[in-house]
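Working notes for the structure below.
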Amino acid sequence: FVDPSTISQVAGSLDAHLDLTSASLDLDDLRGEVVLDKLNLTVADLPVTQRMPTRVVARDGIARIESWTWESEGTSVDVSGQVHLSDQQTAIIANGQLDARLLTPFLGVSGISTAGQVNTRLAVTGALAKPTVNGEVRLANGELRLREPRVIASELNAVAVLARSNAFITSLSGTVNGGKLTGSGQVQYSPDVRGQFMTNVSGMAMNFPEGLRSEIDGSIELTTAVEDGEQANRLSGLVTIKRGAYREPLVLVTGLLNNLQRAGTTTGEPPSPFLQSLALDVRVVTDEDLVIDNNVAKAQLGADLRLINVASSPALSGRAELREGGQLFLGRNTYAVQSGTIDFANPTRIEPVLGIEASTRTAGIDIDISITGTPDTLMTELTSPSDPGLSQIDLTSLLLTGRKMEDLGEQQAALVGAQVLGNDVLGFAGRAVGLDTLRVGGVETNPRDPADLASETDPTSRVTFGKSLGR
(Lines give C-alpha, C1' and ligand atoms only; values in the text may rest on other atoms or scores of the structure.)
Protein backbone atom coordinates (compact mmCIF):
# COMPACT_ATOMS: atom_id res chain seq x y z
CA PHE A 1 0.00 0.00 0.00
CA VAL A 2 3.09 2.25 -0.09
CA ASP A 3 4.05 3.85 -3.41
CA PRO A 4 7.32 2.39 -4.81
CA SER A 5 8.73 5.89 -5.26
CA THR A 6 8.27 6.43 -1.51
CA ILE A 7 10.01 3.19 -0.57
CA SER A 8 12.97 4.03 -2.81
CA GLN A 9 13.63 7.23 -0.83
CA VAL A 10 13.49 5.62 2.63
CA ALA A 11 16.27 3.33 3.84
CA GLY A 12 18.10 2.41 7.03
CA SER A 13 18.09 0.09 10.00
CA LEU A 14 16.83 -0.14 13.58
CA ASP A 15 17.41 -2.30 16.64
CA ALA A 16 14.68 -2.86 19.23
CA HIS A 17 13.87 -5.17 22.11
CA LEU A 18 10.61 -6.16 23.76
CA ASP A 19 10.30 -7.19 27.40
CA LEU A 20 6.68 -7.77 28.42
CA THR A 21 5.03 -10.06 31.00
CA SER A 22 1.44 -10.59 32.17
CA ALA A 23 -0.18 -12.67 34.92
CA SER A 24 -3.32 -13.06 32.79
CA LEU A 25 -4.86 -12.23 29.43
CA ASP A 26 -6.15 -9.00 30.91
CA LEU A 27 -4.27 -6.04 29.38
CA ASP A 28 -4.33 -4.28 32.75
CA ASP A 29 -1.90 -6.94 34.04
CA LEU A 30 0.65 -6.22 31.29
CA ARG A 31 4.07 -5.15 32.58
CA GLY A 32 7.28 -4.29 30.77
CA GLU A 33 8.69 -2.07 28.06
CA VAL A 34 9.34 -1.68 24.36
CA VAL A 35 12.64 0.02 23.54
CA LEU A 36 13.97 1.22 20.19
CA ASP A 37 17.67 0.97 20.93
CA LYS A 38 19.07 2.24 17.63
CA LEU A 39 17.51 4.20 14.78
CA ASN A 40 19.45 4.99 11.62
CA LEU A 41 17.18 6.06 8.76
CA THR A 42 17.70 8.04 5.59
CA VAL A 43 14.64 9.86 4.26
CA ALA A 44 15.03 11.91 1.07
CA ASP A 45 18.82 11.73 1.61
CA LEU A 46 18.49 13.19 5.12
CA PRO A 47 19.65 11.16 8.17
CA VAL A 48 17.03 10.53 10.86
CA THR A 49 18.22 9.48 14.32
CA GLN A 50 17.01 9.57 17.94
CA ARG A 51 18.48 11.65 20.75
CA MET A 52 18.09 8.76 23.20
CA PRO A 53 16.48 5.31 22.92
CA THR A 54 12.75 5.60 22.31
CA ARG A 55 11.02 3.90 25.25
CA VAL A 56 7.39 2.96 25.98
CA VAL A 57 6.61 1.44 29.43
CA ALA A 58 3.49 -0.63 30.24
CA ARG A 59 2.27 -0.56 33.85
CA ASP A 60 -1.08 -0.46 35.64
CA GLY A 61 -3.06 -0.78 32.40
CA ILE A 62 -1.35 2.18 30.75
CA ALA A 63 1.31 2.33 28.04
CA ARG A 64 3.27 5.52 28.72
CA ILE A 65 5.83 7.16 26.41
CA GLU A 66 8.85 7.67 28.65
CA SER A 67 11.15 9.06 25.94
CA TRP A 68 10.67 9.82 22.24
CA THR A 69 12.80 12.44 20.51
CA TRP A 70 13.70 11.99 16.85
CA GLU A 71 16.07 14.33 15.06
CA SER A 72 17.39 15.20 11.64
CA GLU A 73 18.86 18.19 9.89
CA GLY A 74 16.64 21.11 10.93
CA THR A 75 14.32 18.63 12.65
CA SER A 76 13.46 17.78 16.25
CA VAL A 77 10.19 16.06 17.17
CA ASP A 78 9.18 15.27 20.77
CA VAL A 79 6.29 12.88 21.50
CA SER A 80 4.84 12.29 24.97
CA GLY A 81 1.65 10.86 26.47
CA GLN A 82 -0.08 7.58 27.14
CA VAL A 83 -2.64 5.02 25.95
CA HIS A 84 -5.09 3.15 28.19
CA LEU A 85 -4.63 -0.46 27.16
CA SER A 86 -8.14 -1.71 27.93
CA ASP A 87 -10.16 0.80 25.90
CA GLN A 88 -7.25 2.23 23.80
CA GLN A 89 -8.10 5.80 24.75
CA THR A 90 -5.18 8.07 23.94
CA ALA A 91 -3.69 11.31 25.24
CA ILE A 92 -0.60 12.10 23.18
CA ILE A 93 1.20 15.38 22.45
CA ALA A 94 3.56 15.82 19.47
CA ASN A 95 5.50 19.06 19.21
CA GLY A 96 8.50 20.02 17.16
CA GLN A 97 9.95 21.36 13.97
CA LEU A 98 10.43 19.44 10.74
CA ASP A 99 12.53 20.00 7.63
CA ALA A 100 9.97 19.89 4.82
CA ARG A 101 12.38 17.92 2.62
CA LEU A 102 11.48 14.88 4.74
CA LEU A 103 7.93 15.06 3.35
CA THR A 104 8.92 14.70 -0.32
CA PRO A 105 8.80 10.86 -0.50
CA PHE A 106 5.29 10.79 0.99
CA LEU A 107 3.61 13.09 -1.55
CA GLY A 108 3.07 10.25 -4.01
CA VAL A 109 4.01 12.39 -7.04
CA SER A 110 7.24 11.86 -8.98
CA GLY A 111 9.34 14.80 -10.12
CA ILE A 112 8.47 16.95 -7.10
CA SER A 113 10.57 18.21 -4.18
CA THR A 114 9.86 20.26 -1.08
CA ALA A 115 11.77 22.49 1.33
CA GLY A 116 11.09 24.82 4.25
CA GLN A 117 10.35 24.58 7.96
CA VAL A 118 7.24 22.95 9.41
CA ASN A 119 6.34 23.63 13.06
CA THR A 120 3.75 21.45 14.80
CA ARG A 121 1.75 21.59 18.02
CA LEU A 122 -0.58 18.59 18.03
CA ALA A 123 -2.72 16.81 20.62
CA VAL A 124 -4.14 13.36 19.87
CA THR A 125 -7.07 12.14 21.95
CA GLY A 126 -9.89 9.61 21.71
CA ALA A 127 -9.83 6.02 20.55
CA LEU A 128 -6.53 4.92 19.03
CA ALA A 129 -8.34 3.43 16.01
CA LYS A 130 -10.15 6.74 15.30
CA PRO A 131 -8.21 9.49 17.06
CA THR A 132 -9.14 13.15 17.28
CA VAL A 133 -6.33 15.52 16.40
CA ASN A 134 -6.28 19.13 17.51
CA GLY A 135 -3.57 21.72 17.14
CA GLU A 136 -1.71 23.80 14.59
CA VAL A 137 0.78 23.28 11.78
CA ARG A 138 2.78 26.19 10.36
CA LEU A 139 4.91 26.27 7.23
CA ALA A 140 7.61 28.94 7.04
CA ASN A 141 9.68 29.90 3.99
CA GLY A 142 8.55 26.80 2.15
CA GLU A 143 9.39 25.76 -1.39
CA LEU A 144 7.87 23.27 -3.83
CA ARG A 145 9.50 22.36 -7.16
CA LEU A 146 7.84 20.43 -9.96
CA ARG A 147 10.18 19.14 -12.68
CA GLU A 148 7.75 18.92 -15.61
CA PRO A 149 6.22 21.33 -16.35
CA ARG A 150 8.75 23.47 -14.51
CA VAL A 151 6.98 25.10 -11.56
CA ILE A 152 8.73 26.66 -8.56
CA ALA A 153 6.63 27.87 -5.65
CA SER A 154 8.73 29.68 -3.05
CA GLU A 155 8.48 31.96 -0.03
CA LEU A 156 5.53 29.81 1.03
CA ASN A 157 3.93 30.58 4.38
CA ALA A 158 0.86 28.73 5.57
CA VAL A 159 -1.15 28.01 8.69
CA ALA A 160 -3.35 24.93 9.17
CA VAL A 161 -5.60 24.53 12.20
CA LEU A 162 -6.63 20.99 13.12
CA ALA A 163 -9.91 20.58 14.96
CA ARG A 164 -11.37 17.13 15.62
CA SER A 165 -11.63 15.44 12.19
CA ASN A 166 -10.87 18.50 10.06
CA ALA A 167 -7.87 20.57 9.04
CA PHE A 168 -8.46 24.15 7.95
CA ILE A 169 -5.84 25.96 5.89
CA THR A 170 -6.55 29.44 7.17
CA SER A 171 -3.81 31.18 5.19
CA LEU A 172 -1.45 30.44 2.32
CA SER A 173 0.80 32.95 0.56
CA GLY A 174 3.93 32.94 -1.53
CA THR A 175 5.20 33.21 -5.08
CA VAL A 176 4.99 30.77 -7.97
CA ASN A 177 7.23 31.19 -11.02
CA GLY A 178 7.61 34.85 -10.10
CA GLY A 179 3.89 35.48 -9.64
CA LYS A 180 1.79 36.00 -6.52
CA LEU A 181 0.10 33.00 -4.88
CA THR A 182 -2.69 32.93 -2.28
CA GLY A 183 -4.93 30.11 -1.14
CA SER A 184 -7.05 28.38 1.46
CA GLY A 185 -8.68 25.01 2.01
CA GLN A 186 -10.18 22.37 4.21
CA VAL A 187 -9.59 18.64 4.70
CA GLN A 188 -11.86 16.17 6.45
CA TYR A 189 -9.88 13.05 7.30
CA SER A 190 -12.44 11.05 9.27
CA PRO A 191 -14.51 8.97 8.67
CA ASP A 192 -13.63 9.45 4.97
CA VAL A 193 -10.99 11.71 3.45
CA ARG A 194 -12.44 14.74 1.66
CA GLY A 195 -10.71 17.96 0.79
CA GLN A 196 -11.20 21.24 -1.01
CA PHE A 197 -8.39 23.66 -1.86
CA MET A 198 -8.60 27.02 -3.62
CA THR A 199 -5.62 28.90 -5.05
CA ASN A 200 -5.26 32.16 -6.93
CA VAL A 201 -2.18 33.14 -8.91
CA SER A 202 -1.33 36.32 -10.77
CA GLY A 203 1.63 37.08 -13.00
CA MET A 204 2.87 33.48 -13.09
CA ALA A 205 5.46 32.75 -15.81
CA MET A 206 5.19 29.46 -17.72
CA ASN A 207 7.11 27.63 -20.44
CA PHE A 208 4.54 24.99 -21.40
CA PRO A 209 4.25 23.40 -23.90
CA GLU A 210 8.02 23.69 -24.32
CA GLY A 211 8.83 26.95 -26.10
CA LEU A 212 5.53 28.71 -25.37
CA ARG A 213 6.52 31.40 -22.88
CA SER A 214 3.55 33.06 -21.23
CA GLU A 215 2.32 34.99 -18.21
CA ILE A 216 -0.88 33.75 -16.62
CA ASP A 217 -3.46 34.52 -13.98
CA GLY A 218 -5.51 31.69 -12.55
CA SER A 219 -8.15 30.66 -10.07
CA ILE A 220 -8.00 26.91 -9.42
CA GLU A 221 -9.97 24.57 -7.17
CA LEU A 222 -8.86 21.05 -6.19
CA THR A 223 -11.34 18.66 -4.62
CA THR A 224 -10.23 15.27 -3.36
CA ALA A 225 -11.86 12.27 -1.74
CA VAL A 226 -10.94 8.75 -0.71
CA GLU A 227 -13.83 6.33 -0.26
CA ASP A 228 -13.33 2.60 0.32
CA GLY A 229 -9.68 3.03 -0.63
CA GLU A 230 -10.44 4.62 -4.02
CA GLN A 231 -9.27 8.14 -4.89
CA ALA A 232 -11.59 10.61 -6.61
CA ASN A 233 -10.01 13.98 -7.36
CA ARG A 234 -10.95 16.93 -9.57
CA LEU A 235 -9.07 20.05 -10.69
CA SER A 236 -11.19 22.87 -12.10
CA GLY A 237 -11.07 26.60 -12.61
CA LEU A 238 -10.04 29.35 -15.02
CA VAL A 239 -6.58 30.18 -16.37
CA THR A 240 -6.13 33.42 -18.29
CA ILE A 241 -3.06 33.83 -20.48
CA LYS A 242 -2.29 37.52 -20.11
CA ARG A 243 0.39 37.49 -22.77
CA GLY A 244 2.58 34.94 -24.45
CA ALA A 245 4.94 34.23 -27.34
CA TYR A 246 6.34 31.26 -29.24
CA ARG A 247 9.65 32.25 -30.85
CA GLU A 248 11.51 28.95 -30.97
CA PRO A 249 12.49 27.78 -34.47
CA LEU A 250 10.76 24.64 -35.67
CA VAL A 251 12.41 22.00 -37.83
CA LEU A 252 9.07 20.48 -38.76
CA VAL A 253 6.29 22.57 -40.24
CA THR A 254 3.97 20.70 -37.90
CA GLY A 255 6.37 20.97 -34.97
CA LEU A 256 4.18 23.09 -32.74
CA LEU A 257 1.23 20.80 -33.32
CA ASN A 258 3.34 17.76 -32.50
CA ASN A 259 4.59 19.54 -29.37
CA LEU A 260 0.96 19.94 -28.33
CA GLN A 261 0.35 16.25 -28.91
CA ARG A 262 3.41 15.30 -26.86
CA ALA A 263 2.22 17.58 -24.05
CA GLY A 264 -0.74 15.27 -23.69
CA THR A 265 1.26 12.09 -23.25
CA THR A 266 3.08 10.66 -20.27
CA THR A 267 6.86 10.71 -19.94
CA GLY A 268 7.13 6.92 -20.03
CA GLU A 269 7.29 6.60 -16.26
CA PRO A 270 4.27 4.96 -14.62
CA PRO A 271 1.89 7.79 -13.59
CA SER A 272 1.08 8.11 -9.91
CA PRO A 273 -2.34 6.94 -8.68
CA PHE A 274 -3.10 10.55 -7.79
CA LEU A 275 -2.54 11.78 -11.37
CA GLN A 276 -4.53 8.86 -12.75
CA SER A 277 -7.48 9.79 -10.53
CA LEU A 278 -7.26 13.57 -11.04
CA ALA A 279 -10.06 14.62 -13.41
CA LEU A 280 -9.43 17.89 -15.26
CA ASP A 281 -11.90 20.65 -16.10
CA VAL A 282 -9.90 23.87 -16.49
CA ARG A 283 -10.83 26.61 -18.93
CA VAL A 284 -7.87 28.31 -20.64
CA VAL A 285 -8.43 31.63 -22.42
CA THR A 286 -6.16 34.29 -23.89
CA ASP A 287 -6.46 37.88 -22.75
CA GLU A 288 -4.01 39.23 -25.30
CA ASP A 289 -3.33 37.22 -28.43
CA LEU A 290 -0.33 34.90 -28.35
CA VAL A 291 2.52 36.00 -30.62
CA ILE A 292 4.13 33.41 -32.91
CA ASP A 293 7.34 34.70 -34.50
CA ASN A 294 9.73 32.09 -35.80
CA ASN A 295 10.88 30.36 -38.98
CA VAL A 296 7.39 28.96 -39.66
CA ALA A 297 5.02 31.82 -38.86
CA LYS A 298 4.65 35.42 -37.86
CA ALA A 299 1.13 35.61 -36.54
CA GLN A 300 -1.17 36.19 -33.60
CA LEU A 301 -3.41 33.57 -32.07
CA GLY A 302 -6.36 33.76 -29.66
CA ALA A 303 -7.76 30.74 -27.82
CA ASP A 304 -10.67 29.57 -25.71
CA LEU A 305 -9.89 26.01 -24.64
CA ARG A 306 -10.72 23.56 -21.90
CA LEU A 307 -8.26 21.12 -20.32
CA ILE A 308 -10.09 17.80 -19.81
CA ASN A 309 -9.65 14.05 -19.20
CA VAL A 310 -7.21 13.08 -16.40
CA ALA A 311 -3.86 14.57 -15.39
CA SER A 312 -1.92 11.44 -16.38
CA SER A 313 -3.27 11.78 -19.95
CA PRO A 314 -4.71 15.27 -20.51
CA ALA A 315 -6.78 16.33 -23.52
CA LEU A 316 -8.04 19.62 -24.92
CA SER A 317 -11.37 20.80 -26.26
CA GLY A 318 -12.24 24.13 -27.83
CA ARG A 319 -10.74 26.35 -30.52
CA ALA A 320 -7.74 28.57 -31.22
CA GLU A 321 -7.87 31.13 -34.04
CA LEU A 322 -5.11 32.55 -36.20
CA ARG A 323 -5.80 36.23 -36.81
CA GLU A 324 -6.13 37.54 -40.34
CA GLY A 325 -2.99 39.23 -41.65
CA GLY A 326 -0.48 36.77 -40.21
CA GLN A 327 2.22 35.16 -42.30
CA LEU A 328 3.25 31.54 -42.81
CA PHE A 329 6.71 30.68 -44.12
CA LEU A 330 6.43 27.31 -45.88
CA GLY A 331 9.02 26.11 -48.35
CA ARG A 332 10.09 28.95 -50.69
CA ASN A 333 6.92 31.02 -50.22
CA THR A 334 5.40 33.42 -47.75
CA TYR A 335 1.63 32.99 -47.26
CA ALA A 336 -0.75 35.63 -45.96
CA VAL A 337 -3.31 34.16 -43.55
CA GLN A 338 -6.91 34.88 -44.52
CA SER A 339 -8.40 32.79 -41.73
CA GLY A 340 -7.24 30.02 -39.51
CA THR A 341 -8.64 27.72 -36.82
CA ILE A 342 -7.13 24.98 -34.67
CA ASP A 343 -9.88 22.83 -33.17
CA PHE A 344 -9.55 20.30 -30.39
CA ALA A 345 -12.28 17.69 -30.13
CA ASN A 346 -10.60 14.41 -29.17
CA PRO A 347 -11.73 13.64 -25.59
CA THR A 348 -8.79 11.35 -24.79
CA ARG A 349 -5.70 13.12 -26.22
CA ILE A 350 -4.46 16.50 -27.39
CA GLU A 351 -5.10 16.31 -31.14
CA PRO A 352 -5.22 19.61 -33.07
CA VAL A 353 -7.30 19.82 -36.25
CA LEU A 354 -6.28 22.60 -38.62
CA GLY A 355 -8.46 24.69 -40.88
CA ILE A 356 -6.28 27.38 -42.49
CA GLU A 357 -6.95 29.54 -45.54
CA ALA A 358 -3.94 31.46 -46.87
CA SER A 359 -2.67 33.00 -50.10
CA THR A 360 0.61 33.73 -51.83
CA ARG A 361 1.85 35.05 -55.17
CA THR A 362 4.53 33.42 -57.29
CA ALA A 363 5.58 34.02 -60.92
CA GLY A 364 2.88 36.66 -61.17
CA ILE A 365 0.09 34.22 -60.25
CA ASP A 366 -2.07 34.39 -57.13
CA ILE A 367 -2.48 31.06 -55.33
CA ASP A 368 -4.89 30.28 -52.51
CA ILE A 369 -4.21 27.31 -50.26
CA SER A 370 -6.49 25.44 -47.88
CA ILE A 371 -4.79 23.36 -45.14
CA THR A 372 -6.98 20.92 -43.18
CA GLY A 373 -6.62 17.92 -40.92
CA THR A 374 -4.53 16.68 -38.00
CA PRO A 375 -0.71 16.56 -38.08
CA ASP A 376 -0.97 12.92 -39.16
CA THR A 377 -3.59 13.52 -41.87
CA LEU A 378 -2.75 16.99 -43.14
CA MET A 379 -4.33 17.80 -46.53
CA THR A 380 -3.81 20.76 -48.86
CA GLU A 381 -5.93 22.13 -51.72
CA LEU A 382 -4.75 24.79 -54.18
CA THR A 383 -6.72 27.25 -56.31
CA SER A 384 -5.79 30.34 -58.31
CA PRO A 385 -8.20 33.30 -58.36
CA SER A 386 -6.09 35.00 -61.06
CA ASP A 387 -5.95 31.91 -63.31
CA PRO A 388 -8.78 29.47 -62.39
CA GLY A 389 -7.83 27.06 -65.17
CA LEU A 390 -4.56 25.99 -63.58
CA SER A 391 -4.53 22.40 -62.32
CA GLN A 392 -3.36 21.20 -58.91
CA ILE A 393 -0.12 19.91 -60.44
CA ASP A 394 0.59 23.24 -62.16
CA LEU A 395 -0.09 25.14 -58.96
CA THR A 396 2.17 22.75 -57.05
CA SER A 397 4.87 23.20 -59.64
CA LEU A 398 4.59 27.00 -59.32
CA LEU A 399 4.92 26.80 -55.53
CA LEU A 400 7.94 24.49 -55.67
CA THR A 401 9.77 25.83 -58.73
CA GLY A 402 8.22 29.12 -59.81
CA ARG A 403 7.32 27.51 -63.16
CA LYS A 404 4.41 25.57 -64.62
CA MET A 405 4.65 21.82 -65.12
CA GLU A 406 5.04 22.12 -68.88
CA ASP A 407 8.18 24.22 -68.44
CA LEU A 408 10.00 21.64 -66.31
CA GLY A 409 12.52 19.03 -67.30
CA GLU A 410 11.80 15.33 -66.87
CA GLN A 411 13.47 14.94 -63.47
CA GLN A 412 11.93 18.12 -62.13
CA ALA A 413 8.47 17.08 -63.30
CA ALA A 414 8.87 13.67 -61.65
CA LEU A 415 9.69 15.26 -58.30
CA VAL A 416 6.73 17.64 -58.51
CA GLY A 417 4.48 14.73 -59.44
CA ALA A 418 5.64 12.83 -56.36
CA GLN A 419 4.77 15.84 -54.21
CA VAL A 420 1.24 15.93 -55.65
CA LEU A 421 0.67 12.17 -55.31
CA GLY A 422 1.85 12.32 -51.70
CA ASN A 423 -0.26 15.41 -51.01
CA ASP A 424 3.03 17.05 -49.99
CA VAL A 425 2.43 20.36 -51.73
CA LEU A 426 4.22 22.39 -49.03
CA GLY A 427 7.23 20.10 -48.84
CA PHE A 428 6.43 18.58 -45.44
CA ALA A 429 8.52 15.53 -46.31
CA GLY A 430 11.59 17.72 -46.63
CA ARG A 431 10.96 19.15 -43.20
CA ALA A 432 10.58 15.69 -41.76
CA VAL A 433 14.30 15.17 -42.43
CA GLY A 434 15.26 18.57 -41.06
CA LEU A 435 14.94 20.75 -44.20
CA ASP A 436 13.08 24.06 -44.35
CA THR A 437 13.23 24.45 -48.15
CA LEU A 438 12.49 21.99 -50.94
CA ARG A 439 12.79 23.57 -54.35
CA VAL A 440 13.28 22.24 -57.86
CA GLY A 441 15.22 24.46 -60.26
CA GLY A 442 15.59 28.24 -60.19
CA VAL A 443 17.47 30.41 -57.72
CA GLU A 444 16.53 30.53 -54.05
CA THR A 445 16.37 34.15 -52.95
CA ASN A 446 14.58 33.72 -49.62
CA PRO A 447 16.85 35.32 -46.97
CA ARG A 448 15.43 32.98 -44.32
CA ASP A 449 17.22 30.00 -45.93
CA PRO A 450 20.91 30.97 -46.05
CA ALA A 451 22.35 27.44 -46.02
CA ASP A 452 21.69 25.99 -49.45
CA LEU A 453 23.23 22.83 -50.78
CA ALA A 454 22.91 22.38 -54.55
CA SER A 455 23.17 19.06 -56.30
CA GLU A 456 23.77 19.39 -60.02
CA THR A 457 22.19 16.34 -61.58
CA ASP A 458 22.52 17.74 -65.11
CA PRO A 459 23.18 21.16 -66.70
CA THR A 460 19.46 21.99 -66.88
CA SER A 461 18.10 20.88 -63.53
CA ARG A 462 18.91 21.42 -59.90
CA VAL A 463 17.36 20.31 -56.61
CA THR A 464 18.02 22.73 -53.75
CA PHE A 465 17.75 21.71 -50.11
CA GLY A 466 17.92 24.32 -47.37
CA LYS A 467 18.01 24.29 -43.58
CA SER A 468 16.97 27.49 -41.81
CA LEU A 469 19.19 28.28 -38.83
CA GLY A 470 17.15 31.26 -37.68
CA ARG A 471 15.41 34.38 -38.93
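Note that this is a predicted model, so its numbers are computed, not measured.
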Pairs touching residues 36-55 that satisfy side chain to side chain donor-acceptor pair (under 3.5 Å), sequence neighbours left out
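For residues 36-55, and leaving out neighbouring residues, the side chain to side chain donor-acceptor pair (under 3.5 Å) pairs sorted by first residue read H17-D37, E33-R55, Q50-T54, R51-E71, R51-S76, T54-W70.
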Using a 3.5 Å distance criterion without hydrogens, assess whether the side chain of N200 forms a donor-acceptor pair with backbone atoms of T182.
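No: the side chain of N200 does not pair with the backbone of T182.
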Check whether the side chains of [X] and [Y] place a donor and an acceptor atom closer than 3.5 Å, and report yes or no.
{"X": "D287", "Y": "T240", "value": "no"}
{"X": "D29", "Y": "S22", "value": "no"}
{"X": "S202", "Y": "D217", "value": "no"}
{"X": "S13", "Y": "D15", "value": "no"}

Do [X] and [Y] touch side chain to side chain, with heavy atoms closer than 4.5 Å?
{"X": "I220", "Y": "V282", "result": "yes"}
{"X": "L222", "Y": "L278", "result": "yes"}
{"X": "L307", "Y": "L316", "result": "yes"}
{"X": "V151", "Y": "N177", "result": "yes"}

Derivation of the side-chain contact (heavy atoms from CB on, under 4.5 Å) call for L156 and L181:
CA-CA 9 Å; L156 297 175; L181 167 70; 3.7 Å; yes
For [X], look at atom [atom1] and say whether over 12 heavy atoms of other residues, nucleotides or ligands are found less than 6.0 Å away.
{"X": "R164", "atom1": "CZ", "value": "no"}
{"X": "R323", "atom1": "CZ", "value": "yes"}
{"X": "L18", "atom1": "CG", "value": "yes"}

Audit row: F208, E148, side-chain contact (heavy atoms from CB on, under 4.5 Å) steps and yes/no:
CA-CA 9 Å; F208 185 79; E148 184 63 35; 4.2 Å; yes
side-chain contact (heavy atoms from CB on, under 4.5 Å) assessment of L30 paired with L20:
CA-CA 7 Å; L30 191 65; L20 296 173; 4.2 Å; yes
Ionic contact status for R243 with D289, cut-off 4.0 Å:
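Here D289 does not pair with R243 in a salt bridge, since their nearest N and O are not under 4.0 Å apart.
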Using the side-chain contact (heavy atoms from CB on, under 4.5 Å) criterion, which residues pair with R283? Sequence neighbours excluded.
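Partners of R283 by the side-chain contact (heavy atoms from CB on, under 4.5 Å) criterion, ordered by chain and then number, come out as L238, V285, D304, R306.
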Please report the C-alpha distance between F197 and T224 in whole Å, then the side-chain angles of each, then the deciding distance to 0.1 Å, and finally whether the side-chain contact (heavy atoms from CB on, under 4.5 Å) criterion is met.
CA-CA 9 Å; F197 307 90; T224 183; 4.1 Å; yes
Should E357 and S370 be marked as a side chain to side chain donor-acceptor pair (under 3.5 Å) after you check the CA-CA gap, both sets of side-chain angles, and the distance that decides it?
CA-CA 5 Å; E357 304 290 334; S370 174; 3.1 Å; yes
Output, in order, the C-alpha distance, side-chain angles, deciding distance and verdict of side chain to side chain donor-acceptor pair (under 3.5 Å) for T114 and T104.
CA-CA 6 Å; T114 57; T104 299; 2.7 Å; yes
